[in-house]
Structures are given as C-alpha cells and as structure tokens.
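The next block holds one structure in the form of structure tokens; read it before the comments.
All ligand and atom numbering here is 1-based and tracks the order in the structure. Position 1 is the first residue of the sequence, and the numbers go up from there.
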Amino acid sequence: MKRFHLGWFTPFGTTAWDDPLSASEEPWDGQFYVEMAKSLERACFDLIMLEDSLSISDVHGGSMDAYLRHGLMAPKNDPAPLAALIGASTKHLGIVSTLSTLAYPPFMLARLASTLDHISHGRFGWNIVTSATEATAHNFGLKHLPPRQERYDMADEYVALVKQLFESWEPDAVVRDHATHTYADARRVRPVNFEGKYFSCVGPLNTVRCPQGRPAFLQAGGSPRGRRFAATHADCIVAFAGGPAGMKEYRNDVRARAAAAGRDPDQIKVLFLVAPILGPTMDAAREREEREYSTDSFVEAALALFGSLTDIDLSKYDLDSELPHLTTNGEQGALDTFGQWGSGKTLRQLAKESGTSSSVRLVGTPESVADEMGAIMEDVGGDGFLIITPLMRISRRYLGEVTEGLVPALQRRGLVREAYTKSTLRETLLEF
Ligand SMILES: Cc1cc2nc3c(=O)[nH]c(=O)nc-3n(C[C@H](O)[C@H](O)[C@H](O)COP(=O)(O)O)c2cc1C
C-alpha cells in the first residue's frame, strides 16, 4: 500500500486554556506553537498549516459574545511571523501560512511569501484564501464581501500576477562576481508590467528568487468554482468532506478538474481534515467523545464556529428539528458537509457529528484508528490527512496522543513517513 501524508491545521490562537489537564500559559509569544512544530517534526509530519481569519465574528446570535467567551476563532495572532519563528526552529517540517488575497496587495504577498521561503530554506507554503465573511470585508474598506464567483475571478488574476513576480528573478540572477563587483545581473531581473482587470503591478520583486522558485500552493475550494480554482493552482488541496464517500467524490472531482486544466493529477495531494478522538481502550475513547464533544457548551461552540465560517446565524434554528437546506456566499463546502442535507438529522445531531470538523468519525485506540485510517485511504485512493483538534483547541496532551500514540501506530503499519529525505516542501509532498 502506498504511504499517505500527514499535516496539522491550527490557528495561532488560544490553546485548550480551560482543560484541567493542560498548561494554562498564554500562547501569544508563539513558543507553544514552536514546540508543537518540533513535536510534529519528530513525528515526521509533512507540514503544519496555520489557519487565519481577519475579523472577530458576530454572526452567532448577532454578537461577538460566543466567540470571545469560548475563545473561538478569536483572539488570534498573525500567522506569518509565527511561520518565520517555526522556520528558524525546525529543519524539515513544511510551514504553511494562510494569507488572504483580500487583505494583501499582490506585491506584498509575493514579497512576504518569498521571504518566508528563504527563512525556511524552501519549506514554505501559501494557503490561498479569498476570505469569505462579511466582517472581514468590512475590515478592508469594503461595504460587502464580493460574490464568490468574483472573489475567485480576482484570485485567479492575483495568482497569475504573484507567479510572475516570483519568476521575475531568473534562477541565476545572483552572480556574486568579485572580479566585476557584481552582486546581481540586471539582465536577469525583469519587470512584470502586469495590467489586469483587478490588479496592476510593474515589478520586479525586490527579493532574490526563493528556494522553491515559488512557495508550495495550498487551497481548499469547496464550491464548484472553488474546486476549479484549487485544481488549477494548488500543489496540495485540503478539504473537509463528509465520510469516505464524500472524500472519494471530492478527490475524484478535483483530480478530474486538474486533468481538464491540463495538469497531472498525481502532482496534487489531497489531504482530508480529521479530528481523531483517542483513548487507551475503545470504551474510554467513546466515553471521552460523549463527555467532551456532546455537551451543551460544545454544541453552542460548534454552531458558533460553523456560523462564523458560513456567515449564517445557526442560533436561529431549532436544535431539535431538521436544518433546512441553506446556501451561503461564505464557506459553502463547510456548510454542505456540516448540513448533511437530506439525512433527516436534527441540528443538535449535526453539531455533535460535524462540530469536531472531522471528515470521518475516528474514535478508538491508536491501533484501531490507525487501521481505520489505512482502510479509508485504501478506499479513497489517497493522499493523506490534515489533523485538527475539535474546535481548534490544542493542548500538549492531544498533540502527544497523536504524535506519540497514533503516528507510531501508523508507522508500524508502513502507512506514513518515518524519515525526511527531501529538502523542500514541494518535494516532500511529491515524494510518494
Ligand atoms: C481545511 C480547510 C482549511 C481552510 N483554511 C482557511 C483559512 O485559514 N482561512 C480562511 O479564510 N479560509 C479557510 N478555508 C476556507 C476555504 O478557503 C474555502 O473558502 C472553503 O473551503 C469554501 O470553499 P468555497 O470558497 O469554494 O465556497 C479553509 C477550508 C478548509 C476545508
């Protein structure tokens, strides 16, 4: 069986601060996440992916209360400086930061991403997001979030421009010729003179070409338009999908779209979001799922979380009735997976089942979950998993259960990496 890839998805946010078995330190200097990255590197993860959003939501109940009370999606720090810290503290792990096309002028994003690729010696990846909430649009001077179609049209042009900026330095532009006192050869550094519908930029970039030429591109399109965007540009696609059948459909669909765009689908890795709930015995894991992830507080936080992703106030719907079929200009993919349309489940059931953000329920011992993950990958066809903690609340305990319990069980089965053999993130993703 072909091995699969592992990544971890986390914001630079609050940790599991109210878990009685966790340290209650504040994570804001980044050291918690630097240590986390080192643990992931010991466990041979391909990458850590840093989530980001650019507003404090007030969707749930029309107020920021639930978000601030639960420390949910807010507060959070900017992930880009953390990517630099992690890059300087690790040697092999890929470091992906979310950077929004709504927030950065393309030149700034290209320059920042190039710098982070230099600092990490070729291990940087960009999670391309268009930002999908009204509140974020308001923070950037817009009255309304542009419709999805237009956001992705803009992002297509944006990516075309930043690619040209990354290319504006030829690979051999830096000559460092002592005899002629030449650092860089001006004939090999070219303006891009980009004039688009939404963006224009003269260039060239004022950073040296970065080690990967351009950083690895990650994306998570969920809607048909978003999937087309991901299949056109991404080296690695991440997704929240509903069960093995949903995972298989998603992977086959983005691979077909990539082929239609003239790409080799095998050059793209698809990683599925999962939140394993582990215990020393099956009963202990099930009991933990019930105790930690089905309380009223969890249900409220799950609804608030999905509300902030989808711009839909789920507090308006009756918890014990079926959720009507909804659409959004926000994250449609998350809404579709959460809503399980046509299943007849009540909103409370949906919150318990989907609130952990796991594409598939993984509850058991490290050995049983490793077996399940192997079987799912066999069925889906590849390419790996992106671990997340329920409600994105990370503790050293949860991290250790995965890196020191689950990963060794996967390694014993030959299912995941046991060593790094490549130096850049893109090569690491393409190794198998
Ligand atoms: C695993 C995963 C990670 C994502 N990370 C972010 C993020 O950090 N910031 C963000 O604004 N959106 C993030 N998104 C949202 C996607 O960029 C995208 O908007 C979403 O999947 C919905 O797809 P659509 O835009 O095609 O509707 C993420 C989605 C998934 C599934």
Original post:
Quick one: which of Phe240, Tyr250, Tyr152 has a heavy atom closest to atom 31 (C) of ligand 1?
Top reply: Phe240
Original post:
Which residue supplies the protein heavy atom nearest to atom 4 (C) of ligand 1, what is that atom called, and how far is it?
Top reply: Phe9 CZ, 3.7 Å
Original post:
Hey, is Pro11 one of the residues with a heavy atom under 4.0 angstrom from ligand 1?
Top reply: no
**OP:** Check whether the side chains of His5 and Asp46 place a donor and an acceptor atom closer than 3.5 Å, and report yes or no.
**Re:** yes
Subject >> Short side-chain donor-acceptor distance under 3.5 Å, Asp52 and Thr98 >> reply: no
Original post:
Among all protein non-hydrogen atoms, which one is nearest to atom 1 (C) of ligand 1, and what is the separation to 0.1 Å?
Top reply: Val238 CG2, 3.7 Å
Subject >> NZ/NE/NH1/NH2 to OD/OE distance under 4.0 Å, Glu51 and Lys76 >> reply: yes
**OP:** Could you tell me which atoms of ligand 1, counted from 1 in the order shown, lie closer than 4.0 angstrom to a heavy atom of Gly226?
**Re:** 26 (O)
**OP:** With heavy atoms of Gln332 as the reference, note each atom of ligand 1 found under 4.0 Å away.
**Re:** 27 (O)
Subject >> Nearest non-hydrogen protein atom, atom 14 (N) of ligand 1 >> reply: Glu331 OE2, 3.7 Å
Subject >> Residues Thr101 and Thr130: side-chain donor-acceptor under 3.5 angstrom >> reply: no
Original post:
Thr98 to ligand 1: N or O pair under 3.5 Å?
Top reply: yes
Original post:
In the protein, which heavy atom is nearest to atom 17 (O) of ligand 1, and how far is it?
Top reply: Val129 CG1, 3.6 Å
Original post:
Of all the heavy atoms in Arg148, does at least one lie under 4.0 Å from an atom in ligand 1?
Top reply: yes
**OP:** Answer yes or no: is there an ion pair linking Asp153 with Arg225, defined by an N-O contact shorter than 4.0 Å?
**Re:** yes
Original post:
Relative to ligand 1, is Ile388 under 4.0 angstrom through side chain, backbone, both or neither, heavy atoms considered?
Top reply: neither
**OP:** Using a strict 4.0 Å threshold on nitrogen-to-oxygen distance, state whether Asp156 and Lys197 make a salt bridge.
**Re:** no
Original post:
Taking only heavy atoms of Asn127, which atoms of ligand 1 are found under 4.0 Å from at least one of them?
Top reply: 5 (N), 6 (C), 7 (C), 8 (O)
Original post:
Looking at Arg413 and Asp371, does any basic side-chain N land under 4.0 Å from a carboxylate oxygen?
Top reply: yes
Original post:
Hey, are Arg3 and Glu418 close enough for a salt bridge, meaning a charged N less than 4.0 Å from a carboxylate O?
Top reply: no
Subject >> Any donor-acceptor N or O pair under 3.5 Å, side chains Ser114, Thr207 >> reply: yes
Subject >> Top protein contact for atom 26 (O) of ligand 1, by heavy-atom distance >> reply: Ser223 OG, 2.6 Å
Original post:
Going by the order shown, which atoms of ligand 1 are within less than 4.0 Å of some heavy atom of Gly330?
Top reply: 27 (O)
Original post:
Do the charged groups of Arg361 and Glu289 touch, with an N to O distance under 4.0 Å?
Top reply: yes
Subject >> Selected option - heavy-atom contact closest to atom 21 (O) of ligand 1, from Gly222, Ala220, Pro79 >> reply: Ala220
**OP:** Starting from atom 7 (C) of ligand 1, find the nearest protein heavy-atom neighbour and note its residue, name and distance.
**Re:** Asp52 O, 3.4 Å
